[in-house]
J.: 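Structure incoming, see below.
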Amino acid sequence: MTGKRVALVLGSGGARGYAHIGVIAELEARGYEIGCIAGCSMGAVVGGIYAAGKLDAYRAWIESLDYLDVLRLLDVSFRLGAIRGEKVFGRIREMVGEINIEDLSIPYTAVATDLTNQQEIWFQEGCLHQAMRASAAIPSLFTPVILGNRMLIDGGLLNPLPIIPVVSSHCDLIIAVNLNATNQKHYQLPVVERPPAFKSRIDQLVASLSARLSFRRNGHEHDHEVLLLERSAELQPPEPNPWLEESVSQPEVQPAAAPQREGAPRSAEGSVVVGNIGPASLLDLIHQSFEVMQTSLAQYKIAGYPPDLLINVPKRVCRFFEFYKAPELIELGRQIAADSLDRYEQENR
C-alpha cells in the first residue's frame, strides 16, 4: 500500500477530534500520501492545520495543555455561546498564519452550516482561519461566525462526516474517520503519564464545585463569577474514572430479577431502558443531544457514500468538551487506525 494516495475525511466529534492526529500519523508512517482532505468541526481544524503544514506545532501545543491551561483559554461569552473562541483560534491563527485555502499544498474542504438559510456550506477557497472557525462553531460552546448576512455554525449539524466533497478526487482510496461510533467497545483511552503538579489540588477543586453548582444558578443569572465557575466545572473529568467515561453514557444496570414496569420505555430493538443517568449540566445536556443527532446523520452519510475504509472511534471514550485529553486521544486514534489498516491491507493484498 506504500505510495497510495488517500482522500481523507475527518468527522466532527468535539474533543475526540484529537484522534484525527493519531490517524494521520499512522497513515504517514505506513507510506500513504494524503492527496486531499474534507473535514467538519474539529476534523476541519485538524485537516486545515495539516494542509498548512503546521500539525506538528499544533500537536506539541495541545499535548502540553492541562486542566488549568484549558480553563485559561476560556473567554466567556454571554451571547449565543459559552466561549467566544478568540483565545483558542487566535493561538491557531498565530501558528498557521494568514493563508488562503487555494494556496494550501493539497485540496481542502471545510463544511459549516448556514443557520440563516438552513443549508450546508463548503469552504474550498478564501481564508483558511475563517473556514476552520465557522466549521467548528459548536452550538452552545463557541459563538457563531457572522459572514455577510449568514450566521455560520458547526457543520456537524447537517453533515458530521463530509464524504461527498472527496468523491470526485483522483485518489486511490477514500478513508473516513467517524468519531461517533457506538460499536467499538474493546477500545478505551490509554493511560498517559502526566506531571503530578497541581493535579490533586485541581481534582479537589472540581469535586467541590461540582457539589455546589446545579442546573439552576440560584438567582445569579448575570453573575460573571458564578457562570465562569460553572463552565469551568463542566470542563473537568468526571469521577471516579478519569480515563474512561463509559459510566457517563451507559445506564445503570439493574439486577436481572428486578420486575419490569408496565409501559417502561424501550429502545428501537425492544430492550427496556433502565437506570436514571442524566447529563451533569445544561451544557452537557445540549452536547449529548447534539451527539445523538450526529451519530444518526453519520450513518446515513456512510450508507449513501461508503468509503473504501472506515475508521471508527467510539464516542464513549471521551465527553464532547474534554479538550485536555489530547495525548490519550491522539494515541487512541493511532491504535484504531493501525488495527483498521492492518485488516484493510490484509484483505487487499
Side-chain angles (χ1 to χ4, degrees), residues 1 6 8-30 32 42-43 46 63 160-161 173-194 237-254 256 267-275 277 287-288 291-292 294-299 301-303 306-349:
M1 296 294 173
V6 171
L8 188 59
V9 181
L10 304 179
S12 66
R16 289 190 301 279
Y18 287 147
H20 292 317
I21 299 174
V23 172
I24 291 172
E26 185 64 22
L27 287 171
E28 291 188 328
R30 291 178 181 239
Y32 289 89
M42 272 297 289
V46 172
E63 285 187 328
L161 195 63
L173 67 156
I174 296 174
I175 296 178
V177 186
N178 175 28
L179 301 179
N180 295 287
T182 58
N183 58 349
Q184 307 290 307
K185 296 188 179 299
H186 60 288
Y187 287 111
Q188 64 181 39
L189 283 185
V191 176
V192 176
E193 291 298 324
R194 303 275 190 137
E239 298 292 345
N241 188 339
W243 305 115
L244 177 60
E245 275 66 29
E246 191 165 9
S247 60
V248 174
S249 58
Q250 297 296 326
E252 183 178 329
V253 178
Q254 295 181 348
S267 69
E269 292 76 20
S271 58
V272 176
V273 178
V274 295
I277 297 298
H287 289 157
Q288 285 189 31
E291 286 194 314
V292 169
Q294 287 191 111
T295 300
S296 180
L297 282 174
Q299 294 307 311
K301 299 300 180 183
I302 294 166
D308 297 291
L309 174 61
L310 179 64
I311 297 175
N312 281 312
V313 177
K315 67 178 180 179
R316 65 178 174 81
V317 299
C318 172
R319 290 195 296 177
F320 200 79
F321 41 77
E322 293 179 321
F323 289 97
Y324 49 84
K325 293 187 175 181
E328 296 82 9
L329 288 162
I330 291 171
E331 176 58 23
L332 178 66
R334 191 202 61 78
Q335 290 177 5
I336 297 176
D339 292 344
S340 300
L341 287 166
D342 283 344
R343 290 191 296 269
Y344 178 81
E345 291 170 359
Q346 289 172 6
E347 293 170 359
N348 292 273
R349 282 177 178 174

J.: Is the shortest distance from a Lys or Arg side-chain nitrogen in Glu322 or Lys325 to a carboxylate oxygen in the other one below 4.0 Å?
T.: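 Yes.
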
J.: With sequence neighbours excluded, tell me which residues meet side-chain hydrogen bond (donor to acceptor under 3.5 Å, both in side chains) with Gln335.
T.: Glu331

J.: Restricting to non-hydrogen atoms, name the atom on Ile302 and the atom on Pro307 that form the minimum distance, rounded to 0.1 Å.
T.: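 So the minimum-distance heavy-atom pair works out to CG2-CD, 4.3 Å.
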
J.: Using modelled atom types only, decide if a donor and an acceptor are shared between the side chain of His20 and the backbone of Ser12 within a distance under 3.5 Å.
T.: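 No: the side chain of His20 does not pair with the backbone of Ser12.
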
J.: Can you run down the salt bridge (charged side-chain N to carboxylate O under 4.0 Å, His left out) pairs that involve residues 8-18, sequence neighbours left out, and say none if there aren't any?
T.: Arg16-Glu291

J.: I'd like to check Leu329 versus Cys318 (side-chain heavy atoms, cut-off strictly below 4.5 Å). Are they in contact?
T.: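 Yes, their side chains come closer than 4.5 Å.
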
J.: Minimum heavy-atom separation for Leu189 to Val317, with atom names?
T.: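 Looks like CD1-O, 3.4 Å.
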
J.: With a 4.5 Å cut-off on side-chain heavy atoms, are Leu8 and Ile24 touching?
T.: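 Yes - at least one pair of side-chain heavy atoms lies under 4.5 Å apart.
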
J.: According to side-chain hydrogen bond (donor to acceptor under 3.5 Å, both in side chains), who are the partners of Asp339, at least two apart in sequence or on a separate chain?
T.: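 side-chain hydrogen bond (donor to acceptor under 3.5 Å, both in side chains) list for Asp339, sorted by chain: Tyr187.
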
J.: Over all heavy atoms of both residues, which pair between Ser340 and Ile311 is shortest? Give the atoms and the distance, please.
T.: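 Result for this residue pair: CB-CG1, 4.0 Å.
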
J.: Would you call Ile336 and Asn312 a side-chain contact if the rule is heavy atoms closer than 4.5 Å?
T.: no

J.: Roughly how far, to the nearest 0.5 Å, is CG of Leu179 from OH of Tyr18?
T.: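 Taking OH in Tyr18 and CG in Leu179, the distance rounds to 12.5 Å.
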
J.: Minimum heavy-atom separation for Met42 and Gly14, please, with both atom names.
T.: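 Looking at all heavy atoms of both residues, the closest pair is CG-O, 3.0 Å.
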
J.: Roughly how far, to the nearest 0.5 Å, is CD1 of Ile21 from CZ of Arg334?
T.: 14.0 Å

J.: Which value, rounded to the nearest 0.5 Å, describes the distance between Leu10 atom CG and Asn178 atom CG?
T.: 11.5 Å

J.: Partners of Thr182 by side-chain contact (heavy atoms from CB on, under 4.5 Å), sequence neighbours excluded?
T.: Thr295, Lys315

J.: Taking side-chain contact (heavy atoms from CB on, under 4.5 Å) as the definition, give me every residue that meets it alongside Leu341, ordered by chain and number, with sequence neighbours left out.
T.: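 With sequence neighbours excluded, Leu341 shows a side-chain contact (heavy atoms from CB on, under 4.5 Å) to Glu26, Leu27, Arg30, Tyr32, Ile175, Leu309, Glu345, given in chain and number order.
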
